[in-house]
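Positions are given from 1 along the sequence.
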Amino acid sequence: EAIQEYWKTNPLSQQNIQVDSSVVGFSGDNSVWAEFNGNFDVRGQHTRINGVIQFTIDIGTRKIQRLTEYFTTEKTPLTQ
């Protein structure tokens, strides 16, 4: 719910979005680790992003309890 609310109040006009992801593994605290990389254009810049997301799952409700991101970005001006 917090993630949905964030994107309702903080939209960006991202274009040309490309994302690849894969599940890296699982940990004993009911977490799933996923690696991702992608790129998109926004505000006159091309952005590359690489990172890992940790989803901690509440087994009782079967919902994401916590989401943690670790990522780096590289921004360059758009070329015409």
Original post:
When rounded to the nearest 0.5 angstrom, what is the spacing between CG in D58 and CG in N30?
Top reply: 8.5 Å

Subject >> CG-CZ distance between D29 and R66, expressed to the nearest 0.5 angstrom >> reply: 7.5 Å

Cut-off 3.5 Å, no hydrogens considered: what does the side-chain donor-acceptor table look like for residues 35-42, sequence neighbours left out?
| unit_1 | atom_1 | unit_2 | atom_2 | d |
| --- | --- | --- | --- | --- |
| D41 | OD1 | H46 | ND1 | 2.7 |
| D41 | OD2 | N16 | ND2 | 2.7 |

Going by atom type alone, with no hydrogens or angles, which donor-acceptor pairs under 3.5 Å involve a side-chain atom of residues 68-76 and a protein atom two or more places apart or on another chain?
none

Subject >> Results of side-chain contact (heavy atoms from CB on, under 4.5 Å) for V23 - residues two or more places apart only >> reply: F26, V32

Output side-chain donor-acceptor pairs under 3.5 Å for residues 47-57, partner residues at least two apart or in another chain, one line each.
| unit_1 | atom_1 | unit_2 | atom_2 | d |
| --- | --- | --- | --- | --- |
| Q54 | NE2 | S31 | OG | 3.0 |
| T56 | OG1 | S31 | OG | 3.0 |

